[in-house]
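Treat the numbers as computed from the prediction; the structure is a model and nothing was measured. Atom set for the values below is all heavy atoms of this structure, side chains included, hydrogens, waters and symmetry mates excluded.
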Amino acid sequence: MAEGDLEGKLLGSADLLNIVNGDHENRAKPVTSSLPMNGGNGIYSYSKNSYYQKQSAGVEREKIIEEIKEKLDMKTLSSVSNTIRLADLGCATGQNTFMTIQTILEAMQRKYKSQISQSCPHDYDDQMPEFQVFFNDLESNDFNTLFTSLPQDRQYLAAGVPGSFHGRLFPESSIHFVHTSFSLHWLSKLPEELQNKASPAWNKGRIHYTSAPNEVIEAYACQFAEDMERFLNARAKELVPQGMMVMIMTGIPKGMPYSQIPTGMLYDSISSSLMDMAEEGIIEEGEVDSFNLAFYAASPEEMAGIVEKNGCFGIERMELTNPAAWMKGPVDIPTLVTHVRAAMEGMFSRHFGSQVMDELFGRLTHKLLDISDLINSTCQEKVQLFAVLKRK
């Protein structure tokens with residue numbers, strides 16, 4: 001889910017900074033919470049409700065295979081170490097991470113065979129390196145569900161690595177391939193300005209920068225740039241030279257208002273649902289004012305600028321794609337809301353209380369059904385960022 005780090009991954013696993021309203025202070029009192037996807041196998045668990053993420057990640061499957069085939073030098077990597085190490089950052093709990101890792105592993109094996117067969121045509125199977133996969137997410141991720149779901153016939157050694165991927169996770173020059181999907185759009189924390197009631201970035205009545213003033217958007221953008229710099233610095237230490245990193249996350253075309261895409265409509269509808277509940281006395285309005293989702297969608301140009309400024313990676317590929325290309329009919333709103341709940345309920349429950357979750361997501365369903373035509377008219381926008389980097 002993960003990380004960043006939430007996968008909230010639609011949404012996917014994060015260090016989240018939830019804010020509690022202070023009645024007599026300009027600055028709200030923050031409560032830091034690392035909240036992953038819903039664990040277990042229940043009705044609202046992420047393991048049971050991540051089909052949309054699976055399908056959206058599948059849109060990029062052939063691109064990942066192509067990048068490995070054309071640009072990853074398996075012969076050189078395996079000449080340094082007989083164990084090739086992969087890391088999936090923000091792995092959450094479900095089957096999605098295993099399917100992606102299997103795709104990457106098979107592509108790497110094919111590339112190795114194609115390179116080795118040129119010099120040793122008869123014995124490359126005997127020379128195939130071992131593979132080790134590290135599954136990373138926040139400490140509070142449900143690793144038990146993850147580990148009990150591991151494929152029995154896997155062709156790799158598996159290990160879990162708890163912690164935020166905005167810092168170091170592995171020894172220096174120990175990783176050959178990094179994958180992360182639906183995680184990097186989650187910030188490590190909320191921008192400081194959002195905690196100050198006297199700031200122009202005090203986001204009253206909203207839970208996100210969708211439909212917010214420019215000061216709020218800029219605060220989010222600055223925090224994202226800071227987080228990505230930390231992320232890239234950490235991975236630069238851990239990846240071997242010429243190691244590859246694939247990143248899939250929510251993106252947006254440069255200059256497009258976030259309110260014009262389905263995820264923005266979702267966040268506006270959540271804000272509206274919470275404000276309605278506040279007006280009815282179910283929750284306090286101050287609770288809404290002091291809550292913000294630590295989620296940011298970057299444009300390719302924005303992301304490229306961050307990577308180039310960092311200077312440790314070359315950009316092999318960076319583009320926006322349509323995450324709903326697989327979808328043949330209209331969006332199933334109740335199913336979408338269940339996926340949202342599986343990814344985000346922990347954040348809302350911690351701040352507003354578990355007793356109002358059925359009410360919140362029920363209202364959200366009705367609001368999204370009311371604008372379903374608008375959602376369906378925009379759901380084919382290219383709002384998924386696919387990036388491939390190589391360590392210099």
Side-chain angles (χ1 to χ4, degrees), residues 1-3 5-13 36-41 45-69 72 84-112 130-137 141-161 165 175-185 244-250 321-328 335-336 338-339 342-343 384-388:
M1 259 177 242
E3 223 217 83
D5 320 285
L6 172 84
E7 156 82 302
K9 283 169 171 174
L10 220 225
L11 298 153
S13 191
M37 311 300 99
N38 282 349
N41 292 292
S45 66
Y46 188 76
S47 63
K48 292 285 184 65
N49 297 282
S50 55
Y51 175 76
Y52 280 11
Q53 291 90 323
K54 170 188 171 183
Q55 294 298 99
S56 295
V59 171
E60 317 293 5
R61 181 178 181 274
E62 293 302 320
K63 296 178 188 176
I64 295 174
I65 294 172
E66 177 185 336
E67 292 297 311
I68 292 173
K69 179 181 178 180
L72 189 65
I84 300 297
R85 298 178 182 87
L86 296 76
D88 187 34
L89 308 184
C91 62
T93 62
Q95 294 294 321
N96 295 357
T97 183
F98 304 136
M99 296 180 66
T100 300
I101 287 298
Q102 189 62 30
T103 294
I104 295 169
L105 180 66
E106 291 175 357
M108 294 176 82
Q109 289 174 330
R110 286 192 297 270
K111 179 61 179 289
Y112 178 84
E130 288 189 305
F131 291 86
Q132 184 174 23
V133 179
F134 296 101
F135 296 98
N136 157 259
D137 213 310
N141 184 59
D142 184 3
F143 282 102
N144 285 336
T145 295
L146 177 77
F147 293 146
T148 56
S149 303
L150 277 166
Q152 295 300 308
D153 60 348
R154 63 188 180 275
Q155 297 174 294
Y156 53 84
L157 304 170
V161 179
F165 57 42
I175 303 296
H176 301 88
F177 193 101
V178 170
H179 170 268
T180 179
S181 62
F182 309 117
S183 298
L184 276 175
H185 43 226
M244 182 174 284
M245 180 158 60
V246 171
M247 306 183 296
I248 304 170
M249 57 191 293
T250 300
T321 58
N322 172 16
W326 56 273
M327 192 178 295
K328 304 306 179 185
T335 299
L336 171 63
T338 302
H339 276 60
Q384 182 163 284
L385 182 59
F386 177 74
V388 179

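Side-chain atoms of Q384 come within 3.5 Å of backbone atoms of S56 as a donor-acceptor pair (strictly under, hydrogens ignored). Under a 3.5 Å cut-off, the side chain of K111 and the backbone N or O of L72 do form a donor-acceptor pair. In this structure, H176 contributes its side chain and I84 its backbone to no donor-acceptor pair below 3.5 Å. Checking side-chain atoms of S183 against main-chain N and O of T180 turns up no donor-acceptor pair under 3.5 Å.
Side-chain contact check for F131 versus M108: some heavy-atom pair is nearer than 4.5 Å. No side-chain heavy atom of P151 sits under 4.5 Å from any side-chain heavy atom of Q102. In this structure, the side chains of V178 and L89 come closer than 4.5 Å at one or more pairs of heavy atoms. Within the 4.5 Å cutoff, the side chain of M99 has heavy atoms near those of the K54 side chain. Counting only heavy atoms from C-beta outward, the side chains of H339 and Q53 approach each other to under 4.5 Å. Inter-residue side-chain proximity for L146 and C91 is flagged as met; some heavy-atom pair is nearer than 4.5 Å.
Taken from CZ in R61 to CD in Q55, the straight-line distance is 12.0 Å, to the nearest 0.5 Å. Distance check: L105 CG to L86 CG gives 7.0 Å after rounding to the nearest 0.5 Å. Rounded to the nearest 0.5 Å, atoms OG1 (T321) and CG (L385) are 8.0 Å apart. The distance from atom CG of N136 to atom NE2 of H179, rounded to the nearest 0.5 Å, is 12.5 Å. Atom CE in M244 sits 10.0 Å away from atom CD1 in I104 (nearest 0.5 Å). Interatomic distance, OG1 of T100 versus CD1 of I248, reported as 6.5 Å (0.5 Å rounding).
Side-chain N/O atoms of D88 and T97 include a donor and acceptor closer than 3.5 Å.
Remark: K63 engages E60, E319 in a side-chain hydrogen bond (donor to acceptor under 3.5 Å, both in side chains) (not counting sequence neighbours). In terms of the side-chain hydrogen bond (donor to acceptor under 3.5 Å, both in side chains) criterion, residue partners of N322 (sequence neighbours excluded) are, by chain and number, Q380. Scanning for salt bridge (charged side-chain N to carboxylate O under 4.0 Å, His left out) contacts around E66 gives R317, with sequence neighbours left out.
By the neighbour-count criterion of 12 heavy atoms within 6.0 Å, atom CE of M327 is densely surrounded, having more than that number from other residues, nucleotides or ligands.
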TODO: Begin with the C-alpha distance, continue with both residues' side-chain angles, and end with the deciding distance and a verdict on side chain to side chain contact (heavy atoms under 4.5 Å, CB included) for F182 and N96.
DONE: CA-CA 11 Å; F182 309 117; N96 295 357; over 6 Å; no

- [ ] Evaluate side chain to side chain contact (heavy atoms under 4.5 Å, CB included) for V133 paired with R154, printing each intermediate quantity in order.
- [x] CA-CA 10 Å; V133 179; R154 63 188 180 275; over 6 Å; no

Open item on the list: Walk me through whether S181 and M249 qualify under side chain to side chain contact (heavy atoms under 4.5 Å, CB included).
Closed with: CA-CA 6 Å; S181 62; M249 57 191 293; over 6 Å; no

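When the options F147, F143, F165, F98 are evaluated for a ring-ring contact (aromatic ring centres under 6.0 Å, His included) with F135, the one that passes is F98.
Of all the heavy atoms in V59 and A325, the pair that sits closest is CG2-CB, 4.5 Å.
Taking the six-membered ring where the residue is Trp, the centroids of F177 and F134 are separated by 6.0 Å or more.
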